[in-house]
Number of protein chains: 2
Amino acid sequence: MSGTLTVDGRRRRGDRTREAILRTAAAIASAEGLDGVSLGRLAGDLGISKAGVYAHFESKEDLQLATIASAQATFAAAVVEPALEAPPGLARLWALCDRSLDYLARDVFPGGCFFFSTGAEFDARPGPVRDALALARRAWIRLYEQLVDDARRAGEVVTTAEAEPRQVAFELDALAMAANVDRQLLDDADAVPRARRAMRARLAAIATPDTELPA
Amino acid sequence: MSGTLTVDGRRRRGDRTREAILRTAAAIASAEGLDGVSLGRLAGDLGISKAGVYAHFESKEDLQLATIASAQATFAAAVVEPALEAPPGLARLWALCDRSLDYLARDVFPGGCFFFSTGAEFDARPGPVRDALALARRAWIRLYEQLVDDARRAGEVVTTAEAEPRQVAFELDALAMAANVDRQLLDDADAVPRARRAMRARLAAIATPDTELPA
DNA sequence: CCTACCGATCGGTAGG
DNA sequence: CCTACCGATCGGTAGG
C-alpha cells in the first residue's frame, strides 16, 4: 500500500508539473508565438531544468500540440462553457459574443488571444500544428453558426440572406479579432467596447421584431 | 569620369540587390514572420552569401525596419494609390475596401497580408519594430476614417452614431482581417467574397437615401 | 523495474 | 559581395 501511494504521489506530481508547463507555454505563445516557447525559456520561467521540461513530451511538436490542447481547455472554461449556460436563442448567441470580448478584456492570456497569435504564426506552415489550429478555428466558427441557427429555429433571428449563419459567424468573429489587434498592437482600451457596440448592432439588425437583446 | 561611372554602377547594382533582398524578406515575413527572415535564409533564397546580405544593413533590426518600409511601399502601390484615383465620397471609400480585398485575393504577399502576420508577431514585443508596425496600422485606420469623414461631408454618408468614422473604420478593417485569416489558415476561398458582401452591406446601411453604392 | 528530475553536452545554426 | 569564423542558443539526450 505504501508503494502504491508513492507511485500515485509521483504521478500526481508529474501531472501537476506537466500542467504547469503547458499553462506557461500557452502564456508565452500568446505573446511571443509557439516559436518563442523553447525548452530553455520554459525551464527558466518554471525554475526547473530543460530536461525536466522535456521529460514530459516526446518531441517539440508534441509539446506544441499539447500546448494548443491546454489553451483550448482554458478558452472553453473562460468563454464557451459560461456562454452555454445562457438560455438558448439570441441570448446564448449574445453571451458567446460577450464572453469572447471579456476573455480579451481580462487578458486570460497575457499576449492576447492565444489562437489569434498562433494562427497567424502557423497559417502558412504546413504540418500538424497548423492542422490543429485550423481545426480549433473551424470548431469556434461552427459553434457561432450553430447558435445563430438555433436562434433562427427559435424564431428569434430572421431568416433573410443577411442573417445566414456562416455570414453572421464570420462578421461577429471578425469584430473580436479586430478588438484583439487594436488592444494588443495599438494599446487601444476602446477596442473591446467598439467591438461590443458593433456586435450588438449586428445582432439587433437580425433579431425578429418581438425579440429583445439581453443586456 | 570612369571612376564616377564605376562608383555609380556599383551603387546602382547595390541598390538593386538591396531592393531584391527587401522584396524577398517581405515575402518570407508574410508567411513565416520577421523572425523567419534570417540572414542565412535570405542568402540561400537569393543565391548570395550571408555576409553579402548583411553588407546592406547595419543590424538585424535595421533589416527588419527596411523590410517594413518596403512592404508599406508595396501595399501603397497595390491598395492605397489605386483607391485614391476613385472619385471622392462613398465611391472612394468603397474603392479602398475593394482594393484591400483584391490585395488579399491576388496574394500580393505569398503568406497573406504582411502587416497582419508581422503585427500579430510583434504586438507583445516592445521595440522599434513593434512601433513601426503600430504606426503603419494607425495610418491605415486613419485613412479609412478620413474617407468616411469625407463621404459624410459630401452628404453621401449619414451622420448618425452608427456611421461614426472610427467605428466604421474599425468594422471595415475587421472584415478584411477575418478574410485574411480564413483564407490563410482555413484555405477558405469564400472568405474574400464573404468580407466583400459584409462591407457592401455596411456601406449600404450608412449611405444617405439618394446615394448609390458603386459596383 | 518505475517516476521525475539534475548538470552537462550532443550536432547544427543563429546573428554578426 | 566572399570565406572564415565568434559566442549563444536551439532541440534533444547521455549517465547519475
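Chain A is the first sequence line, chain B the second, and so forth, proteins listed ahead of strands; every chain is numbered from 1.
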Under 4.0 Å, counting only non-hydrogen atoms across every strand here, what does B:Y54 touch: a base, just sugar-phosphate, or nothing? sugar-phosphate

Starting at CD of B:E19 and ending at P of D:dC1, how long is that distance when rounded to a whole Å? 13 Å

Tell me whether A:R183 is salt-bridged to B:D123, with the criterion being a basic N under 4.0 Å from an acidic carboxylate O. no

Between P on D:dT13 and CG on A:L63, what's the gap in Å once rounded to a whole number? 14 Å

Take B:F109 and B:F115 through the test ring-ring contact (aromatic ring centres under 6.0 Å, His included) and record every step on the way to the result. CA-CA 10 Å; B:F109 294 103; B:F115 297 96; 7.1 Å; no

Within the structure shown, what part of the strands sits under 4.0 Å from B:V37 by heavy-atom distance: base, sugar-phosphate, or nothing? sugar-phosphate

A:L46 CG to C:dA4 P, in whole Å, measures 15 Å

Atom CG of B:L42 to atom C1' of C:dG16: distance rounded to whole Å? 14 Å

Where the side chain of A:A55 is defined as all heavy atoms beyond and including C-beta, which of D:dG11, D:dC1, C:dC5 is the nearest nucleotide? C:dC5

Would you mind telling me which of D:dG11, C:dC5, D:dC1 lies closest to the side-chain atoms of B:T17? D:dC1

With C1' as the reference atom in both, quote the distance from D:dA8 to C:dG12 in angstrom, rounded to an integer. 13 Å

Donor/acceptor link under 3.5 angstrom from A:K50 side chain onto base of D:dG11: yes

Looking only at D:dG11, C:dC5, C:dG16, the nucleotide nearest the A:S49 side chain is C:dC5

Could you check whether A:D35 pairs with A:R125 (Lys NZ or Arg NE/NH1/NH2 to Asp/Glu carboxylate O, under 4.0 Å)? yes

What's the closest nucleotide to the B:K60 side chain, out of C:dC6, D:dT3, C:dG15? C:dG15

Within the pair A:H56 and C:dC5, is there a side-chain N or O less than 4.0 Å away from OP1 or OP2? yes

Give the rounded distance in Å between these two atoms: CZ of A:R41 and C1' of D:dT9. 14 Å

Whole-Å distance, A:E58 CD to D:dT13 P, equals 11 Å

Does this structure show an ion pair linking A:D190 with B:R166, if we count only N-O contacts that are shorter than 4.0 Å? no

B:D35 CG - D:dC10 P separation (whole Å): 12 Å

Rounded interatomic separation in angstrom, taking CG from B:D62 and P from C:dG16: 10 Å

Do A:E171 and B:R194 meet the salt-bridge criterion of a basic N to acidic O distance under 4.0 Å? no

Which part of the nucleic acid, if any, lies within contact of A:L39, taking any heavy atom under 4.0 Å across all strands shown: a base, the sugar-phosphate backbone alone, or nothing? base

